[in-house]
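Computed from heavy atoms alone, side chains included, the values below leave out hydrogens, waters and symmetry copies. Ligands are counted one by one from 1 in listed order, and the atoms in each one are counted from 1 as well.
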Amino acid sequence: MKHILIIYTGGTIGMEIDAQSGALTPFSLESLLSQIPELADVEANISTHSFDTPIDSANASADFWISIGEVVLNNKEHFDAFIVLHGTDTMAFSATACSFMLQGLQKPIIFTGSQLPISTPNADAKRNFLGALQLLIDTNGDMAHFKEVGIYFNQKLFRATRATKIHTSSFEAFGSPNSPLLVDNEKINSELFLNGHNGFNYNSTFLKEGISVITWHPLIGEAEFKALLNEETKVLIIQSYGSGTLPLNSRSWLTKLLQKISENGGVIINKTQCFRGGVDQGMYETSNKLNEIGVISSKDMTLESVIVKAAWLYPQKPNVLEFKQAFLKDYCGEMD
Ligand code: ASP
């Protein structure tokens, strides 16, 4: 029988209404598990690890990602697979961070959670939890080849580095805009699973501050743009239009500012605002200049992957040219 570790970090799945405030608050793992009697019949050896203080994932930080990574690291010899119970709001960030931190682990890690607390009638909590568990138990079939980090939600398994939260309340909470589903209901697309690795190499050093994300829009002015940057900004991610365009012909101050940041060794990354598709820097005159300035294309990555990858690479490659080369490499299926 498989040995599976359930790591409980918090999130709506285990929340209950606080009598005083009336707001949903993370509760204990014991309380959560007591509502899933089906666990007794699951054909696996299940152990649990609860974070001391389960959180609403809005409170997550790089240190929180590292804590999840460490639980997996410290237990990797004793377990065949891991389930991380996590809030949906920042699940894609934490799962992506685990993908980068734990490359080459060669064991499945599935993040899941729910839109409604487990105690709510007809909640998605039990279905998501037991569905994720079932995928991990079914290791004789195609799922035996799944050895990466995924997000399981509403009967779908997404690659962590490709997933993003797409709905505030629907059970269809996640999407994978630029990448096919790894599992869709009963259908396991094992030909898409990541394979090939260069050995396990745990690296949990992240840039913990200094990443700015600015969404460009037609009414943004020089003063607002500058106010969003400061001397601590090490990585600037600009959410551009379409295939990666910015109004460089009509705002010379923007060209000059980006040139200055780049000359001073700052990293600038171009991320499209579009939900689907990727950046094609140079397709238009209004994006070709970005190549000359040294702006890095994030291709078709999710915003979560762009932020986490930049935070993970920066301490390893503080030199902008080395960073650029590394950023354009695919590490864990995050880009095409
Ligand atoms: N605010 C919650 C969280 O991310 C939402 C959820 O779990 O669905 O922790």
Closest approach of any protein heavy atom to atom 8 (O) of ligand 1, naming residue and atom: T88 OG1, 2.5 Å

Numbered atoms of ligand 1 (with element) below 4.0 Å of T12, judged on heavy atoms: 2 (C), 5 (C), 6 (C), 7 (O), 8 (O)

Aromatic ring proximity, centroids under 6.0 angstrom, F193 and H145: no

Ion pair E172/K156, N-O distance below 4.0 Å: yes

Ring centroid separation H86 to F93 under 6.0 Å: no

D89, any N or O under 3.5 Å of ligand 1 N or O: yes

Nearest-contact summary for atom 4 (O) of ligand 1 - protein heavy atom, Å: S57 OG, 2.6 Å

Enumerated ligand 1 atoms positioned under 4.0 Å from heavy atoms of G11: 7 (O), 9 (O)

Distance-only donor-acceptor check, side chains T286 and T245, under 3.5 Å: no

Aromatic ring proximity F158/Y152, centre distance under 6.0 Å: no

Contact check: S114 vs ligand 1, nitrogen or oxygen atoms, below 3.5 angstrom: yes

